[in-house]
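The structure under discussion appears below in the form of structure tokens.
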Amino acid sequence: MKQGIGIFEGYVIAKTYVIQPAVMDWTPQEIVSDRIEKEQQRLQQAVDRVEYSLQQMHNLAAEVQARIFHTHIQLLRDPEWIGEVKLRIKNKQVSAITALFDVTEELVQYFNEMELRLLKERLSDLYDVRNQIYEALMGKEKEQIRLDEPVIIVAEDLTPSMTAGFDLNYVAGMITTGGQTTHTAIIARSLAIPAITGLDIALIPHGKLVILDSYQGLLINDPTAIEIQYYQDKLQQEAVNKKKLEVFIAQKTATADGHNVTLALNIASSDDTRMVQTVGADGIGLFRSEFLFMNRTHAPSEEEQYETFKKVIMQAKAPVIIRTLDVGGDKIIPYLHQRQEQNPFLGLRAIRLCLQPSFLSLFKEQLRAICRASAYGKVKILFPMITTLGEIKEAKALLQEVQAEIAQQSIPFDAQMEIGMMIEVPSIGWIMEECCNEVDFFSIGTNDLVQYMMAADRTNEKVQYLQNCFHPSVLRMIQSVINTAHAHGKKVGVCGEMAGEKAAALLLVGMGIDELSMSATQLLSIRKIVAEYSLKDLEVLSKRVVQLSTAEEISEQLKLFISDV
Ligand code: PEP
Ligand code: MG
């Protein structure tokens, strides 16, 4: 039995399909000066061949993958990489392959020295494209992987060009070594494929029956008959539970005594919007717009953002909360040239970055795109990581400026679009009276609120034990935010991970939360459990637990109250 980290939850009993890393069989080679031009041409032909095949894959792929192929095409056109390879052939008089590997390694070394996790993960893009150019230079045909039964794919990182080559319907599970933000992780989540990371895959044999339990991050090799039976029962139970939840798709979310709660979805791409209908969500509670800026080499234009927002709004047919660019922290966008910081989560993140003079035009472009899209349905704008009143005032002033501009250009937009701010930084949670004068609604980002209240980096495994939303100070802060907002007639939602956890969601309902926003995979089970309790009982529960002194006592009380957690 091996322990890894779950990427997407589920159980799988299937054979492994190990994809070995590509073999790079070449030796450094010098060339005579007469061959320089020929080698440069050979390189260009290989690059053209790869671009053609990437373009084909791009045209056939779903949005998440298409965006990745787009990045790869951009890489091929990058003068600092391929341009440099061409120059290297001439300046060092080496073969195209030698120049390609040398220049790529130098780039990789540069990225590594920058010590940015996200950047490092994007190195897999660089290697993926390099390997394709190498194969084209060697005249190799792309190896096709043919799957004819459900398997668990085992690979260091499944590159997009690999996944485009096989039928994803046969991919029952995935095991990789990359982090949680690799392409494999992105694809696994977007296609709901159970996956784990963090295992030594060299020890996993090919074609052997295994059990993957990504709820617990477990891989069971050579399972016994008893283990297989145990997991078959679990799979059956999972299927029965899923089926039972389907009756909730068409229902409103309400407690047993009829108190309604809005349940919305967190999304990161326009592809995810279809889930609104699939699970019967009340709308999009958080569109993380920064994902439009990731996995690419330059910022999306106003037009591209506008088209994406419009598509989401029209497809959702329900209110959509668009959060403005929230980069920084662990979301580093290389082409935005964010400076390296000692403590990035305490640095120029989200609204702080957007309000920097050098970012204003980019920020205003996004605001324009949101305003223009607001003509097509109910859109609310949400500003992340507000720490001071000054920031929200500045953001609103920019929004007004943009609205005045587009009004002057007779471009349609919703002049009544609601403005909200995230409560993620403790400093703002204690000046709610003043905030109520500034915005129409609030959304509590508990992932960050907990990180900042507990002074525990949310990406640091060593302090995960402090990442506890049941700490009484977190709960009392949330209760105080809800009370003050309600006293001023303003609504409050929670869009952090806390909203999708059963016990936490019940507690939040008892505290008076208006909206819970979560991933599509959680929504129906939250709707179901909310319906099992009366608001009256949940209010009593929440009043009692916020007075307790430790997170442990609170969790204990919740366990006693709720049989299902
Ligand atoms: C949060 O902080 O809870 C949140 C929803 O924002 P993100 O996870 O994108 O920082
Ligand atoms: Mg946040």
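Counting convention: from 1, in listed order, for ligands and their atoms alike. One is the number of the first residue; the rest follow in order along the sequence.
A cation-pi arrangement is present between K380 and F441 under the rule of less than 6.0 angstrom and at most 45 degrees off the ring axis. Relative to the six-membered ring of F413, R372 misses at least one condition, a distance below 6.0 Å or an angle of at most 45° to the axis.
Annotation for K378: atom NZ counts as buried by contact number, over 12 foreign heavy atoms lying within 6.0 Å.
Residue E497 does not touch ligand 1, judged by heavy-atom distances below 4.0 Å. Counting heavy atoms under 4.0 Å from ligand 1, residue R349 touches it through the side chain alone. With a heavy-atom cut-off of 4.0 Å, M498 does not touch ligand 1 at all. Heavy atoms of L449 found under 4.0 angstrom from ligand 1: none, in either backbone or side chain.
Between F363 and F383, the ring planes lie perpendicular to each other; the angle is over 60°, past the 30° to 60° tilted range. Relative orientation of the F287 and F309 rings is perpendicular, given thresholds of 30° and 60° on the angle between their planes.
Residue G445 has at least one heavy-atom neighbour below 4.0 Å for each of these atoms of ligand 1: 1 (C), 2 (O), 3 (O). Those atoms of ligand 1 that come under 4.0 Å of a heavy atom in R458, given as number and element, are 2 (O), 7 (P), 8 (O), 10 (O). Ligand 1 places these atoms under 4.0 Å from at least one heavy atom of C495: 5 (C).
Expressed to the nearest 10°, the angle at the Mg ion (ligand 2) joining OE1 in E424 with OD2 in D448 is 100°.
Judged by distance alone, with hydrogens and angles left aside, the side-chain atoms of N447 form a donor-acceptor pair with the main-chain N or O of E497 at under 3.5 Å.
At least one side-chain heavy atom of V546 sits less than 4.5 Å from a side-chain heavy atom of M511.
Polar contact with ligand 1: present for R288 (N/O pair, distance under 3.5 Å).
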